[in-house]
Peer 1: 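Got a structure here, written out as structure tokens. Questions coming.
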Amino acid sequence: MDYNFNEVEKKWQQYWRDNKIYKVDIDHDKPKFYVLDMFPYPSGAGLHVGHPLGYIASDIYARYKRLKGFNVLHPMGYDAYGLPAEQYAIQTGTHPAVTTEKNINRYREQMDKIGFCYDWDREVRTSDPKYYKWTQWTFIQLFNSFYCNKCQKAQPIGKLIAHFEEHGTDGINAAESKPMSFTAAEWKAMSEKEQQEVLMNYRLAYQAEALVNWCPELGTVLANDEVVDGLSVRGGFPVVRKSMKQWLLRITAYAERLLSDLDNVDWNESIKEVQRNWVGKSMGASVIFKVEGKDIDLEVFTTRADTLFGTTFMVLAPEHELVSAITTPEHRTEVEEYIAHAKNRSERERMAEVRKVSGAFTGAYGINPITGAKLPIWIADYVLMGYGTGAIMAVPAHDSRDFAFARHFSLPIIQVVTKPGTEPTDPATWEESFDAKDGVMVNSGFLNGLTVKKAIERMIQELEKLGVGTGKTNYRLRDAIFSRQRYWGEPFPIYYKDGMPYAMDESKLPLELPSIDEYKPTENGEPPLARAKNWVTEEGYPIETNTMPGFAGSSGYYLRYQDPHNDKEYFSREANDYWQNVDLYIGGAEHATGHLIYSRFWCKFLFDLGLSCKEEPFQRMINQGMIQGRSSFAYRVNIEKLCEHAVWYQLKDKKYGVEFVRDFKDGRRRFDFFCPEKGILIEINRVGNLEKVVEPWKEYANEKGYKLLLVPIADVVRDYVKGTNKVEQKIKDLIAGKDVPAYEEVQPLPSTPLFVSKNVTDREVFSDPIHVDINLVHNDILDTIAFTEWRDDLKNALFLFEKDKDGNNVYICGSEVEKMSKSKYNVQNPDDLVEKYGADTLRLYEMFLGPLEQSKPWDVQGIEGTYRFVRKFWRLFHNENNEFCVSNEPATAPEMKTLHTLIKKEEDGIESISFNTVVSAFMICVNELSDLKCNKREILEPLTVMISPYAPHIAEELWHLLGHDSSVVNASFPIYDESKTVENSFNYPISFNGKMRFNMELPVTMSAEEVQAAVLAAPEAQKWMEGKTPKKVIFVPKKIVNVVI
RNA sequence: GCGGAUAUGGCGUAAUUGGUAGCCGCGCUAGACUUAGGAUCUAGUGGUGAAAGCCGUGGGGGUUCGAGUCCCCCUAUCCGCACCA
């Protein structure tokens, strides 16, 4: 063996560990750079090749920055709280900490093998009390803060109390759950409990009765981003809406900042867009409608105040609190039934019925504040309680949902907007609503003739003048539900006095997670922590039994890395002033609405407190694409399908003189073939299956007057093998009108699995693809022996081969690109690849695969190419006998050109995160140097430094062989010298009318006239000139010459 | 339905940002060597054609001396959001 990667990689990994090569500290003499990977949750399955993709990229970036003279912070740790470990604990009784520890160790082992440059001295785990002390601490700060809308900043709750004492709510503009108004005297007259309740209306971490996503299977509530399509993201269990007392974070207070600060970060546009959607800002108006005959105001939010003349009815969400107050006695039953119906459906059912129109009339009427018109008030679940005010003014002419509703319940439709330059038409003739946002107002009193945009402004002025509405900005973002009814999470530093929650003193932190004997909820449905003994404060007050959600610990972890061992504070002023925020954040795009929103909120809050010097946590972010698996398939013969196919071949096209149809269905019964003319039913199946249906089917056939034939597949197969025609004869007899027994007992066939090779004719008709472990397949050829040993049920498998080009029998597998997963047997484990090719090869290959941000399939064979490259690289430094052999002669100009071209490409490539092109540039460089037989130190020494971010092990080995004592990590990146790459001639492509015809080597100093003369004089040019004079000659120095004829 | 992204050989991809389309690697073909191997090395490899050449970056149009790249229209795939008033 030429290069022994196994030995070399182990040696240097040990050296790095022993000498703490990757340990970093604050160094004011160097600029800082912070490279971070998204916090991994250590799952039981370990890493597959998709996971390290981002880690390798960030590792390369970190190493490169270090070579460029930066002091690079590059830490790693674990998001250690999580549902899987807890689910496992519920099933097996194993403490989640034990499972988590085991998984972490496995992750660490796998990561170590790939040679990452993490400073492991800074590792954090969210489940470590030394860490979650600060998660709890932050929660207390949130609890003790409110958001001042005037100064757009979080403020201590004490300031609010002081204000209440002097002025009551007068002059307060704060983020709140609901509007409140009281005087200083009233405040002072309140009991402590009442005051605490008032404060809950303002705290940034508050407790409230909220409509939550309850997941009965997991026994907990979930945040909005943890629910997709009405199912839990973890586990895929159904979720229902339920009202419960919960902790929430008032993230909505930060909606505007979360939105506008997106402009200040360097993230890709699609993630920003997802975040913008999630915040969901819309500007419009709040309009008050009186309810006829009642002293009730209905507040409505609309973005189309211009259409107020076109509103013909109103709709409330079924959960709206005023529904029962406005409903008239004669409509009460109907309304209550509708509410009950809406409530009993899960989120998922409700979503599935999106386009189904339903609703109920309350009997009440609202009054249009502008026109005074009477508007019937309905309830319908197409109006959501969670958005706006849960009530709408319906404008059926210009909103598709309102239109559908109006049509369904025969409500009037009035057109108020026209397409510019067209006349209004009768809405009764319309097929759909006219939703256009640019148009001209009609039928709208003082708005007539205005554009939509102008009309909105004008209407808001009018509403404000009349005191019946105001301009208002609305956000889709909801406050984040922060409690989980689970064990494995941070306990809340909260105790209850007189039923009201109070924050513990900071000196009591960390409040450690107690041990309990079982991880399930209690019998009366309380969270698992209710099982803990003595879960009370020193004074005897009960402690909160909910725990915090997964995103609690991961929201501020990047700050803790800056000062991970500080037990006095979250992180020191000095550390934060130096490291600031993350310069480059790499991870998957799946965190777009969860982690990335929450940590931005967390960071902004800490910024308001003056703790974090930066308002945004992650300055630049790159989202790596998924690595998909390439699954292999073997094709298992489905005898039933095969027999059906064979028999159908005989029946079709009236071969026996009568027409047969396939797949005949009658109610729940299904038969393979049916002859309508003769009333013949035929079913082909296994003996066992036929025996089950023979009696009921006979009965059915009798009733209908059909003739029935149940054909055991054994008969079809035996006919085929023995050359008999028993089945055929029976069918012919039936057609001829003879009596044939419906079913005759036969010996079943022994079931031997049979597999057909991919290209066998008609394979797809009679076989089913089954996933094959990719380790049993090489170049799509199945190792049939290993395959039969793979699983017990395949022991006796037989194969129908095809011939390869040399005439040998081979079994060819099919393939498909799918998600990498255990169940598809297509998981590529990095450990195996490190074992076989070395970590450097794996690192290079993962980068070589393609642009980091794109999803791409994993090609098992492609890695050979980078493996060859690594050894070719090694050979530059060694002679034929694998002896280290580097010359001290000065490098030639072409050698220097090769080197400096690479320096430029690597710098540009790394900065623009196109690592794939850099690997390709390395290959080109090594190919050129090999051709030049270059083994000069002047070239190879910088080259060693340059490859070290990608292939740190071989670089370290060669660096030491070159005579250095310290690590290559501490070397300096070579400096690009443009003069080394310039040539004094350029090989010009000469084109005629834009088509490239030939090349011509010309000095770069030549003037345009000289070039033109030289080109036209060239013998090859004559052929293309066709004797004409050129109209024009385009000359772009060092690019092209184009002759226009 | 709305929004975003993508489309280049058999495959993963590259193209100095408007200047020789297909770099690099896989695969494939041929050859060399050999202790016959899923090893290594050398050469070739977009299509078509004997060749000159012609065609070719999802499709159609346009701008330009010149378009994978810019503009307009269409198609397909992927991702996100979705009764958001």
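Lettering follows sequence order; numbering is per chain, from 1. The shown structure was predicted, so the numbers you read here are calculated from the model rather than taken from an experiment.
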Peer 1: Rounding to an integer number of angstrom, what distance separates B/C55 and B/G1 when you compare their P atoms?
Peer 2: 39 Å
Peer 1: Find the distance A/Met847:CE to B/G25:C1' and express it as a whole number of Å.
Peer 2: 15 Å
Peer 1: Report which part of the nucleic acid A/Val1044 touches: base, sugar-phosphate, or nothing (heavy-atom distance under 4.0 Å, all strands).
Peer 2: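 Sugar-phosphate, no base atom in range.
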Peer 1: Report the base-pairing partner of B/A30 (Watson-Crick or G-U wobble, both distances below 3.5 angstrom), or none.
Peer 2: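 Pairing partner: B/U42.
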Peer 1: Tell me what A/Lys995 touches on the nucleic acid: a base, only sugar-phosphate, or nothing, going by heavy atoms under 4.0 Å.
Peer 2: sugar-phosphate
Peer 1: Report yes or no: does A/Asn993 contribute a side-chain atom to a donor-acceptor pair with the main-chain N or O of A/Val1044 at less than 3.5 Å?
Peer 2: no
Peer 1: Hey, can you tell me if A/Tyr950 and A/Phe915 have their rings parallel, tilted or perpendicular (30° and 60° cut-offs)?
Peer 2: perpendicular
Peer 1: Take the protein atom CD of A/Gln275 and the nucleotide atom P of B/C79, then report the distance between them rounded to whole Å.
Peer 2: 20 Å
Peer 1: Please give the nucleotide sitting opposite B/U35 as a Watson-Crick or G-U wobble pair, both distances under 3.5 Å, or none.
Peer 2: none
Peer 1: For B/U35, does the O4'-C1'-N9-C4 (purine) or O4'-C1'-N1-C2 (pyrimidine) torsion place it in syn, i.e. within 90° of 0, or in anti?
Peer 2: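 Anti, since the glycosidic angle lies more than 90° from 0.
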Peer 1: Could you tell me if A/Arg401 sits above the aromatic ring of A/Phe405, with its cationic atom closer than 6.0 Å to the ring centre and no more than 45 degrees from the axis?
Peer 2: no
Peer 1: Distance check, C1' atoms only: B/A76 and B/U57, in whole angstrom units.
Peer 2: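 Those two atoms are separated by 16 Å.
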Peer 1: Tell me which nucleotide among B/C83, B/A85, B/C84 gets nearest to the side chain of A/Tyr382.
Peer 2: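 Out of B/C83, B/A85, B/C84, the nucleotide with an atom closest to A/Tyr382's side chain is B/C83.
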Peer 1: Write down the distance separating the P atoms in B/G9 and B/G47, rounded off to the nearest Å.
Peer 2: 12 Å
Peer 1: Have a look at A/Asn1042 and say if it touches a base, only the backbone sugar-phosphate, or nothing, with a 4.0 Å heavy-atom cut-off.
Peer 2: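 Touches a base.
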Peer 1: Could you say whether A/Ser920 or A/Asn474 is positioned toward the 5' end of RNA chain B, judged by the nucleotide with the nearest heavy atom to each?
Peer 2: A/Ser920
Peer 1: Students often mix this up, so state it plainly: with edges at 30° and 60°, are the rings of A/Phe301 and A/Tyr387 parallel, tilted or perpendicular?
Peer 2: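 Perpendicular, since the angle between the ring planes exceeds 60°.
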Peer 1: Atom pairs under 3.5 Å, N or O on each side, protein against nucleotides 34-38 of chain B: can you list them with distances?
Peer 2:
residue : atom : partner  : partner atom : Å
B/G38   : N1   : A/His778 : ND1          : 3.4
B/G38   : N1   : A/His778 : NE2          : 3.2
B/G38   : N2   : A/His778 : ND1          : 3.2
B/G38   : N2   : A/Lys836 : NZ           : 3.1

Peer 1: Rounded to whole angstrom units, what separation is found between the CZ atom of A/Phe992 and the P atom of B/G53?
Peer 2: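 For the pair A/Phe992 CZ and B/G53 P, the rounded distance is 12 Å.
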Peer 1: What distance, rounded to whole Å, do you find between the two C1' atoms, one in B/U77 and one in B/G58?
Peer 2: 11 Å
Peer 1: If you assign each of A/Val919 and A/Pro989 to its closest nucleotide in RNA chain B, which residue comes earlier from the 5' end?
Peer 2: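 By nearest-heavy-atom nucleotide position, the 5'-most residue is A/Pro989.
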Peer 1: Partner lookup for B/U6, please. Criteria are Watson-Crick or G-U wobble with both distances under 3.5 angstrom; report none if nothing qualifies.
Peer 2: B/A76
Peer 1: Check whether the side chains of A/Thr898 and A/Glu928 place a donor and an acceptor atom closer than 3.5 Å, and report yes or no.
Peer 2: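 On atom types as modelled, these side chains qualify, holding a pair under 3.5 Å.
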Peer 1: Taking CD from A/Gln861 and P from B/C11, how many angstroms apart are they, rounded to a whole number?
Peer 2: 15 Å
Peer 1: Please measure how far the P atom in B/C71 lies from the corresponding atom in B/G18, and state the result in whole Å.
Peer 2: 11 Å
Peer 1: Can you tell me if A/Arg478 touches the phosphate of B/C84, counting only side-chain N or O atoms and a distance under 4.0 Å to OP1 or OP2?
Peer 2: no
Peer 1: Give me the distance, rounded to whole Å, that separates B/A21 from B/U8 when you measure between the C1' atoms they each carry.
Peer 2: 8 Å
Peer 1: When you get a sec, tell me which of B/A85, B/C84, B/G25 is the closest nucleotide to the side chain of A/Phe848?
Peer 2: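 Output: B/G25.
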Peer 1: Since syn is defined as within 90° of 0, does B/G9 count as syn or as anti?
Peer 2: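 Syn.
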Peer 1: From the set B/C84, B/G25, B/C65, return the single nucleotide nearest to any side-chain atom of A/Met923.
Peer 2: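 Of the options given, the side chain of A/Met923 lies nearest B/G25.
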Peer 1: Counting only heavy atoms not in A/Met283, do more than 12 fall under 6.0 Å of its CE?
Peer 2: no
Peer 1: Hey, is the main chain of A/Leu308 close enough, under 3.5 Å, to the side chain of A/Asn368 for a donor-acceptor pair?
Peer 2: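 Between the backbone of A/Leu308 and the side chain of A/Asn368 there is a qualifying donor-acceptor contact (under 3.5 Å).
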Peer 1: For the side chain of A/Lys1039, counting heavy atoms from C-beta on, which of B/G19, B/A15, B/C65 is nearest?
Peer 2: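 The answer is B/G19.
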Peer 1: From C-beta outward on A/Phe301, which listed nucleotide comes closest to its side chain: B/U20, B/A85, B/C65?
Peer 2: B/A85
Peer 1: Counting only side-chain heavy atoms from C-beta out, which of B/C84, B/C24, B/C26 sits nearest to A/Asp859?
Peer 2: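 Per side-chain heavy atoms of A/Asp859, the pick is B/C26.
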Peer 1: Using only heavy-atom distances, determine whether the side chains of A/Ser914 and A/Asn916 contain a donor-acceptor pair under 3.5 Å.
Peer 2: no
Peer 1: Verify the neighbour count for atom CD of A/Glu1001: are there more than 12 heavy atoms of other residues, nucleotides or ligands below 6.0 Å?
Peer 2: yes
Peer 1: State the pairing partner of B/G53; accept Watson-Crick or G-U wobble contacts with both distances under 3.5 Å, and report none otherwise.
Peer 2: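 Its partner is B/U48.
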Peer 1: Consider only side-chain N and O atoms of A/Asn1042 and A/Ser991, and report whether a donor and an acceptor are under 3.5 Å apart.
Peer 2: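 The criterion, which ignores hydrogens and geometry beyond distance, is satisfied for A/Ser991 and A/Asn1042.
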Peer 1: Could you give the distance separating B/G53 and B/U42 at their P atoms, to the nearest angstrom?
Peer 2: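 So the two P atoms sit 31 Å from each other.
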Peer 1: Under 4.0 Å between a side-chain N/O of A/Arg630 and OP1 or OP2 of B/G12, yes or no?
Peer 2: no
Peer 1: By the 4.0 Å heavy-atom rule, please label A/Ile1034 as base, sugar-phosphate, or nothing.
Peer 2: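 Touches a base.
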Peer 1: It should be established whether A/Arg276 places a side-chain nitrogen or oxygen under 4.0 Å from OP1 or OP2 of nucleotide B/C2.
Peer 2: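 So the side-chain polar atoms of A/Arg276 never come under 4.0 Å of the phosphate oxygens OP1 or OP2 of B/C2.
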Peer 1: Classify the ring geometry between A/Phe873 and A/Phe869 as parallel (under 30°), tilted (30 to 60°) or perpendicular (over 60°).
Peer 2: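 Tilted, since the angle between the ring planes falls between 30° and 60°.
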Peer 1: Starting from P on B/U16, measure out to CD on A/Glu907 and report it in whole angstrom.
Peer 2: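 My rounded result for the distance is 18 Å.
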Peer 1: Considering only nitrogen or oxygen atoms on both sides, find all protein atoms under 3.5 Å from nucleotides 3-8 of chain B and state each distance.
Peer 2:
none

Peer 1: Determine the Euclidean distance between corresponding C1' atoms of B/C72 and B/A67; express it in Å to zero decimal places.
Peer 2: 15 Å
Peer 1: Centroid-to-centroid, A/Tyr988 to A/Phe1035, below 6.0 Å?
Peer 2: yes
Peer 1: So what does A/Asn927 touch, heavy atoms closer than 4.0 Å: a base, only the sugar-phosphate, or nothing?
Peer 2: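 Sugar-phosphate contact only - A/Asn927 comes under 4.0 Å of backbone atoms but never of a base.
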Peer 1: Among B/A85, B/C24, B/G80, find the nucleotide with the atom closest to the side chain of A/Val274.
Peer 2: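 Within the option list, the nearest is B/G80.
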Peer 1: For A/Phe405 and B/C83, give me the distance from atom CZ to atom C1', rounded to whole Å.
Peer 2: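 The answer, rounded to whole Å, is 12 Å.
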Peer 1: Hunt down the Watson-Crick or G-U wobble partner of B/G18, both distances under 3.5 Å, from any strand shown, or write none.
Peer 2: none
Peer 1: How long is the line joining OH of A/Tyr475 and C1' of B/C81, in whole Å?
Peer 2: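 Rounded to whole Å, this separation is 19 Å.
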Peer 1: Return the nearest nucleotide to the side chain of A/Lys1032; candidates are B/A14, B/C65, B/C24.
Peer 2: B/C65
Peer 1: Looking at A/Arg868, I'd like to know whether one of its side-chain N or O atoms comes within less than 4.0 Å of OP1 or OP2 on B/U40.
Peer 2: yes
Peer 1: Across all strands, who's sitting opposite B/U63 as a Watson-Crick or G-U wobble pair, both distances under 3.5 Å?
Peer 2: none
Peer 1: Rounded to whole Å, how long is the line connecting atom CD1 of A/Ile379 with atom C1' of B/C83?
Peer 2: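 So the two atoms are 16 Å apart, to the nearest Å.
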Peer 1: Measure from the side chain of A/Lys856, starting at C-beta and using heavy atoms only, and say which of B/G12, B/A85, B/G25 lies closest.
Peer 2: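 So the side chain of A/Lys856 is nearest to B/G12.
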Peer 1: Is it true that A/Asp908 and A/Lys904 have a side-chain N and a carboxylate O under 4.0 angstrom from each other?
Peer 2: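 Looking at A/Asp908 and A/Lys904, the cut-off is met.
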